[in-house]
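It should be emphasised that the depicted structure is a prediction, and the values quoted were computed from it without experimental measurement.
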Amino acid sequence: MISMRRTIYRRIAVIVVASVVCASALFTALLYREIVNQVHDDVDSRSLLIAKTLDQIDANQAQQAQAQAGGNRDVLPTLTRLSATSATYRITLIAADGTPLFDSQATVATMENHANRPEFIAARATGAGQATRFSATVGTETYYSAKLLSNGNVLRVAQTTRTIYGVWLRQLPWVGGVIIVVLLASLAVSRRLTRSLVRPIAAGAGSAKGEAIVYEELAPYLAQREAADKIRRQFSANVSHELKTPLTSIVGRAELLENGLVKPADVAGFGASIRTEGQRLLELIEDVMRISQLDEDSSLRMQTFQMSGVIAEVFESLADKARRAQVRLINGDDELEVTTDRNMMFELLYNLVDNAIKYNRTDGTGTVTVRTEQNMTEAGLTSPVIEVIDTGIGIPEEDQQRVFERFYRVDRSRSKETGGTGLGLSIVKHLAGQIGAEVELQSTLGQGATFRLRLT
């Protein structure tokens with residue numbers, strides 16, 4: 001059996017976990033992007049600061065031409081000191097022709113000309129340039145920020161993704177810790193929320209008996225359940241009463257026979273009465289079991305078939321009963337083909353024809369007709385209509401709305417004589433609902449009845 005509380009909790013938990021994971025992934029991506037932007041800004045600021053420092057050194061030198069020809073030998077010690085205090089940065093000084101003059105992380109003698117580098121070209125053209133690319137020299141993705149110096153050389157400061165990842169990874173434990181705390185707190189809240197949601201539903205029985213309903217959406221369900229419980233209790237009471245009547249008759253007659261209080265000439269009559277009541281009891285039990293089966297199983301086994309075959313089988317099954325009642329059965333089918341559950345259709349017609357025999361008059365008729373008529377809901381389509389018509393005693397107008405109720409009988413004395421259980425039309429109504437059909441009744445007291453089955 002599936003637990004509603006567990007199901008709700010699991011679904012809320014899945015939503016919470018998915019939300020936390022998605023939010024964490026988005027937050028982590030945004031955090032990484034922010035770190036990258038901060039690193040880029042830091043590299044830009046660092047390159048600008050070093051460039052100003054170098055320009056200041058050149059400005060303090062009286063001979064600018066000698067500084068260009070000599071490759072800025074006077075600034076190399078300064079770059080060396082700056083590189084020692086900025087180990088996470090790669091500092092490069094590039095001559096105006098693209099020749100590397102200094103590099104804090106590589107040997108300039110082994111480096112290729114940098115005249116074709118985007119950041120160098122941009123710096124020479126506009127005074128500043130930036131680029132991000134994979135460096136074959138260092139073997140990592142690197143962000144470069146270049147500044148044009150007053151002497152025509154270009155200073156370039158870079159930082160690798162390895163360093164950026166390091167900053168990002170240092171933040172991850174804190175981020176992960178926050179995620180775990182949020183996740184655990186969310187799961188705890190989800191559990192409490194699930195309990196608070198389920199508690200009013202679990203207490204629905206009390207709400208159905210007059211207490212305040214916490215959720216208005218439960219009102220239809222509780223009302224339906226209360227109605228179903230009422231029908232179930234009434235059905236149980238009716239079954240007990242209907243079973244008690246034949247059993248009492250059987251026990252009473254058996255006691256008379258057992259105590260020798262029955263005249264020999266009346267023994268056969270008592271035995272016949274016991275057999276009749278026993279047969280009635282068996283029919284009642286069968287109908288009750290069938291009602292229970294229909295309540296539990298509503299699965300259909302759809303197939304296409306001719307109605308004439310089903311009607312013929314019903315007439316054959318009831319031939320002896322019709323002969324004893326002196327009722328003539330007439331098959332008025334015009335070879336109509338329908339698609340529905342054949343077994344249910346047989347049982348439905350069997351009960352209607354059985355009623356047409358039980359509540360008919362001597363030399364009466366029971367007729368089954370099949371035709372098609374215009375569908376009331378969909379233009380251009382037709383629907384099969386099956387009618388069971390008898391020439392019997394009819395049903396009073398005031399009883400026509402109740403004949404489909406369980407154990408309801410119009411004439412109890414007549415039902416007792418014919419062996420009716422009061423469940424036949426209830427089974428008909430139930431079967432019709434399952435195959436998607438409507439049942440209509442037309443009757444005039446003393447002039448017979450017509451039960452019309454309209455398939456949709």
Grab the two heavy atoms, one from [X] and one from [Y], that are nearest each other, plus how far apart they are.
X      : Y      : answer
Ala432 : Leu348 : N-CD1, 3.7 Å
Ala122 : Gly129 : CB-CA, 3.7 Å
Ala158 : Thr142 : CB-CG2, 3.4 Å
Ser308 : Asn331 : O-ND2, 3.8 Å
Gly278 : Ile250 : N-CD1, 3.7 Å
Arg90  : Ser104 : CA-OG, 3.4 Å

Once you round to the nearest 0.5 Å, how far does [atom1] of [X] lie from [atom2] of [Y]?
X      : Y      : atom1 : atom2 : value
Phe346 : Met307 : CZ    : CE    : 11.5 Å
Phe315 : Ile330 : CZ    : CD1   : 8.0 Å
Ser186 : Leu193 : OG    : CG    : 11.5 Å
Leu445 : Glu398 : CG    : CD    : 8.0 Å
Thr369 : Ile386 : OG1   : CD1   : 9.0 Å
His430 : Ile435 : NE2   : CD1   : 13.0 Å

TODO: Apply side chain to side chain contact (heavy atoms under 4.5 Å, CB included) to the pair Thr372 and Leu336, showing each step before the final yes or no.
DONE: CA-CA 8 Å; Thr372 59; Leu336 181 66; 3.4 Å; yes
Less than 3.5 Å apart, any donor N or O on the side chain of [X] or [Y] sitting next to an acceptor on the other?
X      : Y      : value
Asp354 : Tyr359 : no
Thr339 : Thr304 : yes
Asp390 : Thr365 : no

Using side-chain heavy atoms (C-beta onward) and a distance below 4.5 Å, is [X] in contact with [Y]?
X      : Y      : result
Val16  : Ile12  : yes
Leu425 : Asn355 : yes
Tyr144 : Gln130 : no
Met344 : Arg301 : no
Pro384 : Val338 : yes
Phe305 : Val310 : yes

Task: Glu387 vs Arg371, side chain to side chain contact (heavy atoms under 4.5 Å, CB included): CA-CA, chis, key distance, verdict - done: CA-CA 9 Å; Glu387 291 183 339; Arg371 69 176 190 276; 3.1 Å; yes
Open item on the list: Would Arg156 and Phe120 count as a cation-pi pair here, with the cationic atom under 6.0 angstrom from the ring centre and within 45° of the axis?
Closed with: no
Open item on the list: Can you confirm whether more than 12 heavy atoms, excluding those of Glu316, are under 6.0 Å from its CD atom?
Closed with: no
For [Y], does its backbone N or O pair with a side-chain atom of [X] as donor and acceptor, under 3.5 Å?
X      : Y      : value
Arg328 : Asp363 : no
Thr126 : Ala123 : no
Ser443 : Gly448 : yes
Asn37  : Arg33  : yes
Asp341 : Asn343 : yes
Asn360 : Ala356 : yes

TODO: Could you check Phe451 against Gln442 for side chain to side chain contact (heavy atoms under 4.5 Å, CB included), going step by step and ending with a plain yes or no?
DONE: CA-CA 7 Å; Phe451 288 90; Gln442 288 182 348; over 6 Å; no
TODO: Evaluate side chain to side chain contact (heavy atoms under 4.5 Å, CB included) for Leu453 paired with Val385, printing each intermediate quantity in order.
DONE: CA-CA 6 Å; Leu453 181 68; Val385 176; over 6 Å; no
Open item on the list: Quick test of your reading: applying salt bridge (charged side-chain N to carboxylate O under 4.0 Å, His left out), list the pairs with at least one residue in residues 424-446, sequence neighbours left out, ordered by first then second residue.
Closed with: Glu440-Arg452, Glu440-Arg454
Task: Charged N-O contact under 4.0 Å between Glu112 and Arg117 - done: yes
Open item on the list: Under a 4.0 Å threshold between the charged nitrogen and the carboxylate oxygen, would Glu347 count as salt-bridged to Arg342?
Closed with: no
